[in-house]
Amino acid sequence: MSEDIMLKMGRLSRAPAPRQALLRTVVCPMSQEKLDSGLLLWFPSPNSFTGEDCLEMQVHGGLAVVTAILRSLNSFPSTRHATAGEFTKRAFMNGKLDLTEVEGLADVIHAETEAQRKQAFRQMAGELNAIYSSWREVIVKCTASVEAYIDFSEEENIEDGVIEEVKTSLNQLCHQLERHLVDGRRGQRLRDGVHIAILGRPNVGKSSLINYVSRRPVAIVSPIEGTTRDSIESFLDLNGYPIVMADTAGLRNTTDIVESQGVQRAVNRSKDADLLVVMLSVTDLESTDDLEREISGKVTLLIDEYMEVRDVSDKSIIIVINKVDMNPRINQQTSFCFDTTRGQITISSLEKQSVPVVFTSITQEQGLDAFISQLTGLVKSLCADPSTESPSFTQARHRDHLSNCLDSIGAALNSIDTDVVVTAECLRLACVEIGQISGKISTEDILDVVFKDFCIGK
Ligand SMILES: Nc1nc2c(ncn2[C@@H]2O[C@H](COP(=O)(O)OP(=O)(O)OP(=O)(O)O)[C@@H](O)[C@H]2O)c(=O)[nH]1
Ligand SMILES: [Mg+2]
C-alpha cells in the first residue's frame with residue numbers, strides 16, 4: 001500500500017533506492033494538483049522501524065500543507081490515522097523490538113535528565129533484554145533436562161549428574177536474580193525520580209531551601225511559624241539526576257485543624273521518601289559547646305516524635321543546620337558527618353550509615369554549594385549509575401515478574417529431590433514469568449500497560 005501511495009503522490013514510475021532521500025513534488029493522486037515539494041524516503045520491508053513497507057514524507061510543516069497531504073492520503077481506500085504507539089506496537093509484533101526495548105524507547109522520549117536518557121538508551125538498545133533472554137535460556141535448558149530425566153530416567157539411558165547440574169544452574173540464577181532485584185530499585189528511582197522530603201520544625205527555612213534548589217519561588221516564605229500547610233512538590237534536574245523534592249509543613253503539635261492535617265501530610269510524605277533532608281535552625285540550638293551531641297539529640301527527637309524507626313530504616317538522611325548567620329560562633333563550622341556506627345545518632349536503624357551535616361544560611365547564600373554537593377552524592381548513590389553499572393530494571397512490572405520468577409525457581413529447587421514433575425511445572429511457570437518481561441509471552445493487558453504512554457506517530 002505505501003509503495004502505491006509513493007508512486008502516485010511522488011509521480012514515480014518505480015520505487016526509488018531504499019532508504020535514500022529523494023526530492024519530489026508531492027501531488028494529489030486524484031487531481032494531480034501540486035501540494036508541496038519534499039523528501040520521500042522509502043523503507044521496504046523488512047528494513048524499516050515496524051518491519052513493514054514504510055514511506056516517510058518530509059514536507060513543510062504548515063497546517064495547510066499537512067492537511068492537504070492528509071486529505072490526499074485519505075483518498076486511498078485502506079489508509080487511516082495511526083493510533084498512539086501503533087508504529088511501535090507493530091514493530092513489537094513483527095519482532096523488531098522486545099517489550100523492554102519498547103519501554104526503553106518510551107523512556108528515551110520522556111527522559112528529562114542526562115542520567116535518565118543514558119539509562120533509557122541502554123534499555124532501548126536491548127541491554128536489559130539481553131540479560132533476561134540469557135536467564136530465560138538457562139530456565140529453558142533446565143526445564144528440558146528435568147523433562148528428559150522424567151521421561152528417560154527409568155530406562156537409565158540418561159547421563160549421571162543431570163539433576164545436580166540443574167541444581168547448580170538454578171542456584172546461580174537465584175543468586176543473580178536476587179542481586180538484580182536488590183539493585184533494581186535504583187533503576188526505578190532513576191526513571192521516576194528520587195523522592196526527597198524536607199522536614200523540620202516550623203520556620204527553620206524549609207520553604208526557603210526548596211525555593212533555592214528549584215531556583216524559583218515554589219513555596220511561600222514568611223517569618224510566621226506554620227506558613228506551609230500542604231506538601232509542595234518540585235521536579236528537578238540535580239546535576240543530571242531526577243529528583244522530586246517536597247517542602248512540607250513544619251512539625252509541631254497544634255490544635256489548628258488545617259495545620260495538623262498538614263503535619264500529617266508531612267509525616268506521610270517523609271515515610272514515602274527515599275531521602276530525608278532534616279532541617280534545624282541554629283536558633284533552636286541551646287548551647288554550642290557540644291554541638292554534635294545537641295544536633296544528634298534534636299534530630300533523633302524530631303524523628304522519634306513523628307515517625308517509627310522502621311519508617312526511616314531504608315532512607316538516606318542529610319541534616320541541614322540553617323540560619324548560621326544568626327550565630328557567628330556556629331558560622332565558623334564546616335560540614336561534617338555523623339558516623340552512626342559510633343552511636344552519634346541514636347536512631348537504631350541508621351546503624352550502618354554516615355549522615356552528613358551541613359551548615360547553611362539561605363538568606364546569605366552560605367553553605368549551599370556544600371549542601372548541593374552532599375545531596376548530589378546521596379542521590380547518585382540511590383540511583384543506578386547508567387554509565388558504568390549493568391542495567392537495572394526500571395518498572396514495577398519488571399520487579400513483579402522477576403520476583404514471581406524467583407519464587408518459582410525456589411519452589412523448583414525445593415521439590416527437585418522429591419518430585420521432579422512438580423519441579424518441571426515450577427520451571428515452566430518461571431519461564432512464563434520471565435518471558436512476560438520481554439513480551440515473548442504477552443497478553444493484551446500487558447501490551448495496554450506498555451503502549452499507553454506512547455504518542456501518535458511512534
Ligand atoms: N536569618 C536567616 N533567616 C532565614 C534563613 N533562611 C530562612 N530565613 C527566614 O526564616 C523565615 C522562615 O522561613 P521559611 O522558609 O518560610 O521557613 P519554613 O521552615 O518553611 O517554615 P514553615 O513553613 O512555617 O514550617 C523567613 O522569614 C525566612 O526569610 C537564614 O538562613 N537566615
Ligand atoms: Mg514553609
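Counting starts at 1 for both ligands and their atoms, in listed order. Just so it is clear, the structure is predicted and the values come from calculations on it, not from any experiment. Sequence positions, counted from 1, serve as the residue numbers for this chain.
The atoms of ligand 1 that sit less than 4.0 Å from any heavy atom of Gly226 are 24 (O). Listed by atom number, the atoms of ligand 1 under 4.0 Å from Ile224 heavy atoms are 24 (O). Listed by number with element, the atoms of ligand 1 under 4.0 angstrom from any heavy atom of Met326 are 1 (N). Against a heavy-atom cut-off of under 4.0 Å, Glu225 is close to the following atoms of ligand 1: 24 (O). Counting atoms of ligand 1 from 1 in the listed order, those under 4.0 Å from a heavy atom of Asp325 are 1 (N), 2 (C), 30 (C), 31 (O), 32 (N). The atoms of ligand 1 that sit less than 4.0 Å from any heavy atom of Ser361 are 31 (O).
Looking at Gly250, Ser281, Ala219, Ser222, it is Ser222 that brings a heavy atom closest to atom 16 (O) of ligand 1. Considering Pro223, Gly205, Gly200 only, the shortest heavy-atom separation from atom 27 (O) of ligand 1 involves Pro223. For atom 25 (O) of ligand 1, the nearest non-hydrogen atom from the set Arg201, Gln364, Lys206 belongs to Lys206.
The protein non-hydrogen atom at the shortest distance from atom 10 (O) of ligand 1 is Lys323 NZ, 3.1 Å. Nearest protein heavy-atom contact of atom 15 (O) of ligand 1 is Ser208 OG, 2.6 Å. Counting only heavy atoms of the protein, atom 31 (O) of ligand 1 lies nearest to Ile362 N, 2.8 Å. Considering only non-hydrogen protein atoms, atom 6 (N) of ligand 1 sits nearest to Asn322 ND2, 3.1 Å. Of the protein's non-hydrogen atoms, Thr363 OG1, 3.4 Å is the one closest to atom 2 (C) of ligand 1. When hydrogens are left out, the protein atom nearest atom 29 (O) of ligand 1 is Val221 CG1, 3.8 Å; that is the closest non-hydrogen contact. Considering only non-hydrogen protein atoms, atom 22 (P) of ligand 1 sits nearest to Asn203 N, 3.5 Å.
Side-chain polar atoms of Thr100 and Asn129 form no donor-acceptor pair below 3.5 angstrom. Using modelled atom types and a 3.5 Å distance limit, the side chains of Ser415 and Thr423 yield a donor-acceptor pair. A donor-acceptor contact closer than 3.5 angstrom is absent between the side chains of His110 and Gln116. Side-chain atoms of Ser260 and Thr254 form no donor-acceptor pair, as typed in the model, at a separation below 3.5 Å.
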message = Between Val213 and Ile372, is the side-chain contact (heavy atoms from CB on, under 4.5 Å) condition met? List the steps.
response = CA-CA 8 Å; Val213 180; Ile372 294 290; 4.2 Å; yes
ask   = Is there a side-chain contact (heavy atoms from CB on, under 4.5 Å) between Tyr132 and Leu402 once you walk through the steps?
value = CA-CA 9 Å; Tyr132 298 152; Leu402 288 168; 3.6 Å; yes
request  = Determine, stepwise, if the pair Leu190 / Asp385 fulfils side-chain contact (heavy atoms from CB on, under 4.5 Å).
outcome  = CA-CA 9 Å; Leu190 181 52; Asp385 183 340; over 6 Å; no
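At a cut-off of 2.8 Å, Thr228 coordinates the Mg ion (ligand 2) through an N, O or S atom. Not a single N/O/S atom of Thr227, whether from backbone or side chain, sits less than 2.8 Å from the Mg ion (ligand 2).
Here the side chain of Lys271 pairs no donor or acceptor atom with the backbone of Glu308 at under 3.5 angstrom. Of the possible donor and acceptor atoms, none in the side chain of Ser222 sits under 3.5 Å from a partner among the backbone N and O of Thr227.
No part of Asn211 comes within 4.0 Å of ligand 1, judged by heavy-atom distances.
Aromatic ring centroids of Phe235 and His195 lie 6.0 Å or more apart.
Proximity of Gln20 to Leu41: side-chain heavy atoms (C-beta onward) are nowhere separated by under 4.5 Å. At a threshold of 4.5 Å between non-hydrogen side-chain atoms, the residues Ile5 and Leu73 count as touching.
Annotation: Ala249 places no N or O atom under 3.5 Å from an N or O atom of ligand 1; distance criterion only.
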